[in-house]
Every structure is written in structure tokens, then in C-alpha cells.
Amino acid sequence: QVQLVESGGRLVQAGGSLRLSCAASGRTSSSYAMAWFRQGPGKEREFVAAISRSGGSTNYADSLKGRFSISRDNAKNTVYLQMNSLKTEDTAVYHCAARLRAALVPGWAEYDYWGQGTQVTVSS
């Protein structure tokens, strides 16, 4: 089992950048594929990006490619989400998730463990 704690969310102006972190504890995070999801106000939970256990493979939502970047540091048991050129529509609670299986799938139901989330608000 693994526990996930997100941090780094805050109020930021449109066009700005933000880096979110997800710290894992318990079972070694390198045992899991990791992902970020987000849920905006009144919206469904949405896949953002996923990264393999080693960090060698990634998968992104098509709409976010080029602006968002996922990475991980297994020595620190931490996964990151770098978000650039932020838009007001990026406003959401961002959740970190972990999956025992290796495939970098976009379906939220495929993930086994979840963090509580961190709020990102992008103002115009």
C-alpha cells in the first residue's frame, strides 16, 4: 500500500507556471505507475498525464501535450507535474494516483491509490 500527498497548488495568473509535487510513502513508489488527474468545478475527473515506474515512458492527455510535463524522482519517492502557460480552464483540484499495473492508462478507475488533491486556481 502507498499513501500519496500532493502539494504545490495555489492561485496563479494566466500565462504563469506551477509545479505540483506528489510525495509517496509506504510501499516504494517505484513499484507503481503514477498519474495526475484533475477535476474542475462542475466537471468530470480528467486524465492529465501518467509516467512509468522507471520514468522512461509517459502518456499525456492530447489537449495538454506541450504545456504540461510529468516526471518522477524515485530516490525521493516523488512525482511532479510541471504546468506552463496556464489557462483559466486549468483551474481544478489536481490529484495524484498510483497503479500497480504497468500500463499508462487514462481511466481513473484503473488506479489503485489516490491522494487528497491540491487546488490550482488560475486567474485571468
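Hydrophobic clustering keeps Phe37 apart from Val93 (ILVMFWY residues linked when any side-chain heavy atoms are closer than 4.5 Å, directly or through intermediates). Under the 4.5 Å side-chain contact rule for hydrophobic residues, Leu64 and Leu81 share a cluster.
Here the side chain of His95 pairs no donor or acceptor atom with the backbone of Arg38 at under 3.5 angstrom. In this structure a side-chain-to-backbone donor-acceptor pair under 3.5 Å is missing from Thr91 to Glu89. At distances below 3.5 Å, not a single donor-acceptor pair connects side-chain atoms of Thr121 with backbone N or O atoms of Leu11. In this structure a side-chain-to-backbone donor-acceptor pair under 3.5 Å is present from Tyr111 to Val105. With Glu6 contributing its side chain and Cys22 its backbone, the two residues share no donor-acceptor pair below 3.5 Å.
When side chains are defined from C-beta on, Arg67 counts as touching Asp90, because their heavy atoms get closer than 4.5 Å. With contacts defined as side-chain heavy-atom distances shorter than 4.5 Å, the pair Thr88/Ser124 qualifies. Looking at heavy atoms from C-beta onward, Val79 lies in side-chain contact with Trp36 at the 4.5 angstrom threshold. The shortest distance between side-chain heavy atoms of Val122 and Lys87 does not fall below 4.5 Å. The shortest side-chain heavy-atom distance between Ser31 and Arg53 does not fall under the 4.5 Å cut-off.
The neighbour count for Lys43 NZ, taken as heavy atoms of other residues, nucleotides or ligands under 6.0 Å away, does not exceed 12.
The heavy-atom pair separating Ala24 from Leu4 by the smallest distance is CB-CD2, 3.8 Å. Residues Ser63 and Glu46 come closest through the heavy atom pair OG-OE2, 4.3 Å. Nearest heavy atom pair, residue Ala98 against residue Met34, reads CB-SD, 3.5 Å. Minimum heavy-atom separation, Ser21 to Thr78: CB-CG2, 4.2 Å. Closest approach of Tyr94 and Leu20 over heavy atoms only: CB-CD1, 3.5 Å. When every heavy atom of Thr118 is checked against every heavy atom of Gly9, the shortest pair comes out as OG1-N, 3.0 Å.
Ion pairing between Arg101 and Asp112 fails under the 4.0 Å rule for side-chain N and carboxylate O.
Through side-chain heavy atoms spaced under 4.5 Å, either directly or across other Ile, Leu, Val, Met, Phe, Trp or Tyr residues, Leu104 is tied to no other residue.
Within the cation-pi definition used here (under 6.0 Å to the ring centroid, within 45° of the axis), Arg45 qualifies as a partner of Trp114. Remark: Arg19 is positioned above the aromatic ring of Tyr80, its terminal NZ or CZ atom under 6.0 angstrom from the ring centre and at most 45 degrees off the axis.
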Worksheet item: Stepwise, does the side chain to side chain contact (heavy atoms under 4.5 Å, CB included) test hold for Leu86 with Leu18?
Response: CA-CA 8 Å; Leu86 283 162; Leu18 205 56; 3.9 Å; yes
Discussion item. Side chain to side chain donor-acceptor pair (under 3.5 Å), that's the test. Do Ser17 and Asn84 meet it? Break it down for me.
Written reply: CA-CA 4 Å; Ser17 296; Asn84 299 325; 3.0 Å; yes
Discussion item. Run Tyr113 and Tyr32 through ring pair (Phe, Tyr, Trp, His ring centres under 6.0 Å) and show every step you take.
Written reply: CA-CA 10 Å; Tyr113 302 101; Tyr32 299 88; 5.8 Å; yes
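Between the OH atom in Tyr60 and the NZ atom in Lys65 there is a gap of 10.0 Å [rounded to 0.5 Å].
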